[in-house]
Trainee: 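One structure, pasted below without further comment.
Computation of the quantities below employed the complete heavy-atom set of this structure, encompassing side-chain atoms and omitting hydrogens, waters and symmetry-equivalent molecules.
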Amino acid sequence: MDKVVHFEIPFDDKDRAMKFYKENFGWELNDLGAKMGNYVLAHTAKTDKDNMVEDKGAINGGMFQRSATAHAPAIVISVDSIDETIKKVESAGGSVVSPKMPIPNGSFARVKDSEGNVIGIIDKSK
């Protein structure tokens, strides 16, 4: 069973969004800067030395600049193979929104499900 391991929230104004989530929910936010696409890591739970969540049932996430293809919050599901998952998604009536791309810990893509929802998929073997 593939698990939800991450969430993503788009922003229009990075500083405003960071302030909102830090002040209202106490999240620890780490702006990765322009070199990493201005992505912001959001720690919502205590993590260990390997950045793995220690609180059972909790997940961490991130925030990114809103775009036409990524305009609403999304979950990220860990899969064995992004390539194989994309094939299954497409054969089940879904589509690719953002193709597979390398990230520091493996690969990531965004797909649209049969209902039009955009979800992220990440290669859990990395």
Trainee: Which distance, rounded to the nearest 0.5 Å, do you find between the CE of Met36 and the CG of Asn30?
Mentor: 10.5 Å
Trainee: Please report the C-alpha distance between Ile77 and Val5 in whole Å, then the side-chain angles of each, then the deciding distance to 0.1 Å, and finally whether the side-chain contact (heavy atoms from CB on, under 4.5 Å) criterion is met.
Mentor: CA-CA 6 Å; Ile77 299 172; Val5 296; over 6 Å; no
Trainee: Grab the two heavy atoms, one from Ser114 and one from Ala92, that are nearest each other, plus how far apart they are.
Mentor: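 Scanning both residues completely, I find the closest heavy atoms to be CB-O, 4.1 Å.
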Trainee: What's the verdict on side-chain contact (heavy atoms from CB on, under 4.5 Å) for Tyr39 and Met63, showing C-alpha distance, side-chain angles and the deciding distance?
Mentor: CA-CA 6 Å; Tyr39 196 83; Met63 298 189 298; over 6 Å; no
Trainee: Indicate the atoms forming the closest heavy-atom contact of Ile82 with Ile121, along with that distance.
Mentor: CD1-O, 3.8 Å
Trainee: Check the pair Gln65, Asn38 against side-chain contact (heavy atoms from CB on, under 4.5 Å), reporting the backbone distance first and the verdict last.
Mentor: CA-CA 7 Å; Gln65 182 68 49; Asn38 292 311; 6.0 Å; no
Trainee: What pair of heavy atoms forms the shortest contact from Val97 to Val111, and how long is it?
Mentor: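 Of all heavy-atom pairs spanning Val97 and Val111, the closest is CG2-C, 3.9 Å.
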Trainee: Taking only residues at least two apart or on different chains, which pairs with a member in residues 68-77 satisfy salt bridge (charged side-chain N to carboxylate O under 4.0 Å, His left out)?
Mentor: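 Listed once each, the pairs would be none.
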Trainee: Taking the side chain as everything from C-beta on, heavy atoms only, tell me whether Leu29 gets closer than 4.5 Å to Met18.
Mentor: yes
Trainee: For the CG atom of Asp12 and the CZ atom of Arg66, what is their distance to the nearest 0.5 Å?
Mentor: 4.0 Å
Trainee: In Å and rounded to the nearest 0.5 Å, what is the CG to CD1 distance from Asn117 to Ile75?
Mentor: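 Reported to 0.5 Å precision, the distance equals 8.5 Å.
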Trainee: Between Ile119 and Val76, does the side-chain contact (heavy atoms from CB on, under 4.5 Å) criterion hold? Intermediate values first, please.
Mentor: CA-CA 6 Å; Ile119 59 173; Val76 177; over 6 Å; no
Trainee: Can you check whether Thr69 reaches Ser98 side chain to side chain, under 4.5 Å on heavy atoms?
Mentor: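 Yes, at least one pair of side-chain atoms sits under 4.5 Å.
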Trainee: Kindly check if the number of other-residue, nucleotide or ligand heavy atoms within 6.0 Å of NZ (Lys112) is above 12?
Mentor: no
Trainee: Going by an N to O cut-off under 4.0 Å, is there a salt bridge joining Glu28 and Lys46?
Mentor: no
Trainee: Does a side-chain heavy-atom distance below 4.5 Å link Asp123 with Ile103?
Mentor: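 SC-SC contact between Asp123 and Ile103 ruled out.
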Trainee: Taking all non-hydrogen atoms of both residues into account, name the closest pair between Ala58 and Val53 and its distance.
Mentor: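 Residues Ala58 and Val53, closest heavy atoms: O-CG1, 3.5 Å.
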Trainee: Heavy atoms only: give me the nearest Asn60-Ala45 pair and the separation to one decimal.
Mentor: OD1-N, 3.2 Å
Trainee: Can you tell me which residue pairs pass the ring pair (Phe, Tyr, Trp, His ring centres under 6.0 Å) test with a partner in residues 2-21, sequence neighbours excluded?
Mentor: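 Only Phe7-Trp27, Tyr21-Phe25, Tyr21-Trp27 qualify under ring pair (Phe, Tyr, Trp, His ring centres under 6.0 Å).
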Trainee: Side chains of Lys100 and Phe108, heavy atoms from C-beta outward: is any pair under 4.5 Å?
Mentor: no
